[in-house]
Amino acid sequence: MKSLIILTLTACSSIQQFTSKPQEKDVLRVGFEQSALGDYDRTAIEADFDSIEWALTKQRGHIVSGESKNQFLRVAFPKGSVGPEQGGIQFVCPLKPAKEYYLSYDLYFEEGFDFSKGGKLPGLTSGGAAYTGGVHPDEGQGWSARYMWVGNKPIVYLYYKDMAGKYGESLPLNAEIKHAKWYTFTQRIRVNQPDQEDALIEVWIDGEKVGSKQNFALRKGNLGLIDSFYFSTFHGGASPNWAPKVDSYIRFDNFRIYSKD
């Protein structure tokens with residue numbers, strides 16, 4: 001562990017103050033430098049993520065090489081596609097249950113990507129994919145915190161026990177997405193203590209804090225620990241007007257899930 005030494009001088013004396021940065025401990029780290037080029041099917045995903053519960057890919061994910069990065073995951077969103085059966089890819093990676101994790105990854109919307117009305121992006125969850133698609137965690141037994149793009153603006157799309165409607169709650173982020181630019185999204189989630197309202201969600205994009213939600217309950221009692229990384233990306237919504245009008249692509253890289261002690 002490294003220590004940062006700060007020397008403060010006053011008229012009377014000099015005082016040394018020692019501040020230690022929290023130590024980061026990786027739970028999961030996936031780049032794609034060692035991944036085989038080509039179709040990113042379930043076998044290829046498991047080679048990188050060790051263990052997954054299920055995968056839906058339909059040859060829409062590929063490991064490719066490029067100029068700005070050596071290798072990355074390129075995901076296709078075909079023209080007219082809505083929902084995970086038609087566009088994007090999905091899989092669930094189990095995590096050791098914990099009260100707090102950070103998730104970061106890089107993403108790049110290729111030139112010409114049609115944002116349309118919006119779509120989903122990966123995030124942390126409790127319960128895998130269970131609390132999405134209009135399924136409300138009435139008993140506080142789980143939650144999900146994927147991102148979405150809405151037009152060219154990112155949000156956190158949050159399912160949890162106190163959400164008001166059938167579908168997820170939107171947590172706006174103070175940012176806009178541009179084509180042909182790499183971004184690093186970082187998400188911190190800390191669940192509430194049993195039967196208290198002290199949960200915390202924070203988001204940074206390229207190191208700048210762009211949104212947060214605090215003083216609420218993600219879960220009930222001892223349920224609802226963070227237990228999954230949900231790679232979920234597609235256009236939608238469900239109606240046809242969410243679909244892209246042209247074939248569109250997002251690049252992903254440098255997935256990392258970690259804790260801070």
Side-chain angles (χ1 to χ4, degrees), residues 22 24 27-28 92-93 95 97-107 115 117-177 183-233 236-237 255-261:
E24 297 178 356
V27 174
L28 175 73
V92 170
C93 176
L95 303 172
K99 294 180 179 179
E100 180 174 348
Y101 277 136
Y102 290 76
L103 161 69
S104 70
Y105 59 87
D106 300 343
L107 73 166
F115 293 104
K117 290 185 66 176
K120 307 299 191 298
L121 292 168
L124 295 171
T125 70
S126 177
Y131 306 109
T132 63
V135 179
H136 192 295
D138 296 317
E139 303 302 320
Q141 67 273 44
W143 47 269
S144 65
R146 293 175 295 174
Y147 295 103
M148 284 189 70
W149 73 87
V150 179
N152 71 332
K153 295 182 180 296
I155 67 169
V156 175
Y157 186 54
L158 182 63
Y159 275 73
Y160 69 113
K161 72 183 193 68
D162 292 330
M163 68 188 203
K166 177 180 179 181
Y167 295 100
E169 176 179 298
S170 297
L171 171 59
L173 302 176
N174 185 26
E176 292 186 355
I177 302 168
Y183 295 93
T184 300
F185 280 42
T186 303
Q187 176 187 81
R188 176 193 183 190
I189 296 184
R190 185 187 71 208
V191 300
N192 52 290
Q193 295 297 320
D195 301 319
Q196 296 186 32
E197 295 188 348
D198 58 355
L200 174 66
I201 296 176
E202 295 179 294
V203 175
W204 296 262
I205 296 179
D206 294 339
E208 180 179 349
K209 191 172 181 178
V210 294
S212 65
K213 182 178 177 65
Q214 55 191 338
N215 299 325
F216 73 107
L218 264 176
R219 62 176 187 148
K220 185 175 181 180
N222 290 308
L223 303 173
L225 293 173
I226 308 168
D227 63 14
S228 311
F229 166 57
Y230 187 18
F231 190 111
S232 172
T233 186
F255 288 91
R256 185 183 178 212
I257 297 171
Y258 58 100
S259 60
K260 289 188 178 182
D261 297 329

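Heavy atoms only: backbone and side chains are in, while hydrogens, waters and symmetry mates are out.
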Compare all side-chain heavy atoms of [X] with those of [Y] and state whether any distance is below 4.5 angstrom.
X: Trp149; Y: Thr233; answer: yes
X: Tyr131; Y: Gln141; answer: yes
X: Phe255; Y: Leu28; answer: no
X: Phe231; Y: Tyr105; answer: no
X: Trp204; Y: Phe185; answer: no
X: His136; Y: Asp138; answer: yes
X: Leu200; Y: Lys213; answer: no
X: Leu158; Y: Leu171; answer: no

Would one find more than 12 heavy atoms of other residues, nucleotides or ligands at under 6.0 Å from atom NZ of Lys99?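 12 or below, so no.
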Would you say Lys220 has more than 12 foreign heavy atoms packed within less than 6.0 Å of its NZ?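 Counting neighbours around NZ of Lys220, 12 or fewer heavy atoms of other residues, nucleotides or ligands fall under 6.0 Å, so no.
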If the condition is side-chain hydrogen bond (donor to acceptor under 3.5 Å, both in side chains), which residues does Ser232 pass it with, not counting sequence neighbours?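 Listed in chain order: Gln90, Arg146.
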With sequence neighbours excluded, tell me which residues meet side-chain hydrogen bond (donor to acceptor under 3.5 Å, both in side chains) with Glu176.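 Glu176: side-chain hydrogen bond (donor to acceptor under 3.5 Å, both in side chains) contacts with Lys153.
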Output the distance between atom [atom1] ([X]) and atom [atom2] ([Y]), rounded to the nearest 0.5 Å.
X: Ile205; Y: Ser104; atom1: CD1; atom2: OG; answer: 12.5 Å
X: Thr186; Y: Leu103; atom1: OG1; atom2: CG; answer: 8.0 Å
X: Leu95; Y: Ser126; atom1: CG; atom2: OG; answer: 10.5 Å

Please confirm whether the backbone N or O of Gly128 pairs with a side-chain atom of Ser228, one donor and one acceptor, at under 3.5 Å?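 Answer holds: yes.
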Should the ring pair Phe216 and Tyr160 be called parallel, tilted or perpendicular, given that the plane angle runs from 0 to 90° and is split at 30 and 60?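 Taking Tyr160 first and then Phe216, their aromatic rings stand perpendicular (interplane angle over 60°).
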Pairs of donor and acceptor atoms involving the side chains of residues 187-194, under 3.5 Å and at least two apart or interchain, shall be tabulated with distances.
unit_1	atom_1	unit_2	atom_2	d
Gln187	OE1	Leu124	N	3.2
Gln187	NE2	Ala145	O	2.8
Arg188	NE	Glu100	OE2	2.8
Arg188	NE	Tyr102	OH	3.3
Arg188	NH1	Glu202	OE1	2.8
Arg188	NH2	Glu100	OE2	3.0
Arg190	NH2	Asp198	O	3.0
Asn192	OD1	Leu218	N	2.8
Asn192	OD1	Arg219	N	3.1
Asn192	ND2	Gln196	O	3.0
Asn192	ND2	Arg219	O	3.3

